A.B. asks: 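Provided herewith is a single structure, encoded as structure tokens, for subsequent inquiry.
Remember, it's a predicted structure, so these values are computed and weren't measured experimentally. Just follow the structure's listing: the first ligand is 1, and inside any ligand the first atom is 1.
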Amino acid sequence: MNNQSCIEIGNEWGIVSARQAGRELSKNIGFGSVDQARITTAISELARNIYLYTEIGQIELTSVVKDNDGREGIKVVARDKGPGIENLRDVMVDGFTTSGGLGAGLPGVKRLMDEFDIESMPGEGTTITTVKWLR
Ligand SMILES: Nc1ncnc2c1ncn2[C@@H]1O[C@H](COP(=O)(O)OP(=O)(O)OP(=O)(O)O)[C@@H](O)[C@H]1O
Ligand SMILES: [Mg+2]
């Protein structure tokens with residue numbers, strides 16, 4: 001089983017590829033169809049942000065095992081060297097957008113996944129790390 005993949009997001013095809021790879025890996029890990037849909041939606045939102053707000057970036061998918069209880073999960077990392085995010089607190093408020101979008105993407109990803117972390121430096125880029133665990 002291929003337990004890691006990295007998909008380049010430079011155009012909309014990348015979003016499609018990342019969604020497909022995420023569905024396949026989450027299915028292989030053992031997630032049910034509802035969780036597969038949650039994970040795929042989260043990947044879509046992260047990939048769409050890379051496509052909209054940066055030149056290029058990557059979605060990295062890895063199957064992971066939790067230290068304390070051996071539970072399996074999927075880690076989704078979205079990485080780019082785009083403009084970065086000025087105020088991390090603002091972007092986590094439902095409805096905050098700089099593009100006329102719904103501003104629902106990042107708060108939605110946080111709700112869909114179990115762990116969520118953003119690191120961003122204006123001018124340097126953004127790395128968003130999320131994990132979902134099997135229950
Ligand atoms: N990778 C990124 N690099 C730079 N800025 C980003 C990135 N991702 C998100 N942002 C900023 O965070 C804001 C909020 O993102 P979010 O995905 O929550 O909403 P949106 O993309 O504006 O709308 P929606 O996703 O609902 O269509 C964006 O408007 C954008 O300014
Ligand atoms: Mg968005």
A.B. asks: Between Val109, Asp80, Asn49, Asp94, which one has a non-hydrogen atom sitting closest to atom 1 (N) of ligand 1?
C.D. replies: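 Of the listed residues, Asp80 has the closest heavy atom.
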A.B. asks: Show which atoms of ligand 1 fall inside a sub-4.0 Å distance from at least one heavy-atom site of Ile85.
C.D. replies: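 In order of number, 4 (C), 5 (N), 6 (C), 7 (C), 10 (N).
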A.B. asks: Does the side chain of Gln4 come under 3.5 Å of the side chain of Thr62 through a donor N or O and an acceptor N or O?
C.D. replies: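 Short answer, yes.
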A.B. asks: Suppose we screen for salt bridge (charged side-chain N to carboxylate O under 4.0 Å, His left out). Which residues come up paired with Arg38, at least two apart in sequence or across chains?
C.D. replies: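 For Arg38, the residues satisfying salt bridge (charged side-chain N to carboxylate O under 4.0 Å, His left out) (neighbours in sequence not counted) are Asp35.
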A.B. asks: List the closest protein heavy-atom neighbour of atom 7 (C) of ligand 1: residue, atom name, distance to the nearest 0.1 Å.
C.D. replies: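 It is Tyr53 CD1, 3.7 Å.
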A.B. asks: Quick test of your reading of the structure: of Leu106, Asn87, Val91, whose heavy atom lies closest to atom 18 (O) of ligand 1?
C.D. replies: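 Nearest heavy atom to atom 18 (O) of ligand 1 lies in Leu106.
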A.B. asks: If we only count heavy atoms from C-beta on, is the Ile39 to Leu112 side-chain gap below 4.5 Å?
C.D. replies: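 Side chain of Ile39 against side chain of Leu112, heavy atoms only: no contact under 4.5 Å found.
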A.B. asks: Which atoms of ligand 1 are found less than 4.0 Å from any heavy atom of Leu102?
C.D. replies: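 In order of number, 23 (O), 24 (P), 26 (O), 27 (O).
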A.B. asks: What do we get for Thr98 next to ligand 1 when only non-hydrogen atoms under 4.0 Å count, side chain, backbone, both or neither?
C.D. replies: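 For Thr98, backbone and side-chain atoms both sit under 4.0 Å from ligand 1.
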A.B. asks: In terms of atom number and element, which parts of ligand 1 are under 4.0 angstrom from non-hydrogen atoms of Ser99?
C.D. replies: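 Ligand 1 atoms under the 4.0 Å threshold to Ser99: 22 (O).
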A.B. asks: Show me which atoms of ligand 1 lie under 4.0 Å from any heavy atom of Glu45.
C.D. replies: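 Listed by number with element, the hits are 25 (O).
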A.B. asks: Side-chain contact, heavy-atom cut-off 4.5 Å: Glu12 with Val16?
C.D. replies: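 SC-SC contact between Glu12 and Val16 ruled out.
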A.B. asks: What protein N/O/S atoms lie closer than 2.8 Å to the Mg ion (ligand 2)?
C.D. replies: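 You should have found Asn49 OD1.
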A.B. asks: Same hydrophobic cluster for Ile56 and Ile43, using side-chain heavy-atom links shorter than 4.5 Å among ILVMFWY?
C.D. replies: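 Each belongs to a different hydrophobic cluster.
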A.B. asks: Is the closest basic N to carboxylate O distance between Lys81 and Glu124 below 4.0 Å?
C.D. replies: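 Between Glu124 and Lys81 there is no salt bridge, as every charged N stays at least 4.0 Å from the carboxylate O atoms.
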A.B. asks: With the threshold set at 4.0 Å, does a side-chain nitrogen-carboxylate oxygen contact exist between Glu24 and Lys27?
C.D. replies: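 Lys27 and Glu24: not salt-bridged.
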A.B. asks: Polar contacts were defined as any N/O atom of the residue lying under 3.5 Å from an N/O atom of the ligand; does this apply to Thr54 and ligand 1?
C.D. replies: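 No; every N/O pair is 3.5 Å or more apart.
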A.B. asks: Tell me which part of Ile50 gets within contact of ligand 1: side chain, backbone, both or neither, using heavy atoms under 4.0 Å.
C.D. replies: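 Neither; no heavy atom under 4.0 Å.
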A.B. asks: Less than 3.5 Å apart, which donor and acceptor atoms pair up between the side chains of residues 92-99 and the rest of the protein, not counting sequence neighbours?
C.D. replies:
residue : atom : partner : partner atom : Å
Asp94   : OD2  : Arg111  : NH1          : 3.1
Thr97   : OG1  : Ser99   : N            : 3.1
Thr97   : OG1  : Ser99   : OG           : 3.2
Thr97   : OG1  : Gly100  : N            : 3.4
Thr97   : OG1  : Gly101  : N            : 3.1
Ser99   : OG   : Tyr53   : OH           : 2.8
Ser99   : OG   : Gly101  : N            : 3.4

A.B. asks: Going by the order shown, which atoms of ligand 1 are within less than 4.0 Å of some heavy atom of Gly103?
C.D. replies: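 Matching atoms, with element in brackets: 18 (O), 19 (O), 20 (P), 23 (O), 24 (P), 26 (O).
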A.B. asks: Pull out every atom of ligand 1 sitting under 4.0 Å from any heavy atom of Pro107, numbered as shown with elements.
C.D. replies: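 It comes down to these atoms of ligand 1: 18 (O).
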A.B. asks: Heavy-atom distance under 4.5 Å between the side chains of Asn49 and Leu106, does that happen here?
C.D. replies: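 A side-chain contact under 4.5 Å exists here.
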A.B. asks: Look only at the side chain of Asp114 and the backbone of Trp133, and say whether a donor-acceptor pair between them is shorter than 3.5 Å.
C.D. replies: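 Here the side-chain-to-backbone pair exists.
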A.B. asks: With a 4.5 Å heavy-atom cut-off, do Leu61 and Ile7 have their side chains touching?
C.D. replies: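 SC-SC contact between Leu61 and Ile7 confirmed.
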A.B. asks: Which heavy atom of Ala21 sits nearest a heavy atom of Ser5, and at what distance?
C.D. replies: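 Here Ala21 and Ser5 meet closest at CB-OG, 4.1 Å.
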A.B. asks: Say whether, by atom type as modelled, one donor and one acceptor occur between the side chain of Thr127 and the main chain of Arg79 under 3.5 angstrom.
C.D. replies: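 Such a contact is absent between Thr127 side chain and Arg79 backbone.
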A.B. asks: When you measure from atom 22 (O) of ligand 1 to every protein heavy atom, which one gives the shortest distance, and what is it?
C.D. replies: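 Its nearest protein heavy-atom neighbour is Thr97 OG1, 2.4 Å.
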A.B. asks: Under 4.0 Å from a heavy atom of Gly84: give me the atoms of ligand 1 that qualify, with their elements.
C.D. replies: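 Checking each atom against Gly84, I get 4 (C), 5 (N).
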A.B. asks: Of the protein's non-hydrogen atoms, which lies at the shortest distance from atom 14 (C) of ligand 1, and what is that distance?
C.D. replies: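 Scanning the protein heavy atoms, the shortest distance from atom 14 (C) of ligand 1 goes to Phe96 O, 3.5 Å.
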A.B. asks: Using salt bridge (charged side-chain N to carboxylate O under 4.0 Å, His left out) as the criterion, list what pairs up with Arg19, not counting sequence neighbours.
C.D. replies: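 In terms of salt bridge (charged side-chain N to carboxylate O under 4.0 Å, His left out), with neighbours along the sequence ignored, Arg19 is linked to no residue.
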A.B. asks: Which heavy atom of the protein is the closest neighbour of atom 27 (O) of ligand 1, given with residue, atom name and distance?
C.D. replies: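 It is Arg48 NH2, 2.9 Å.
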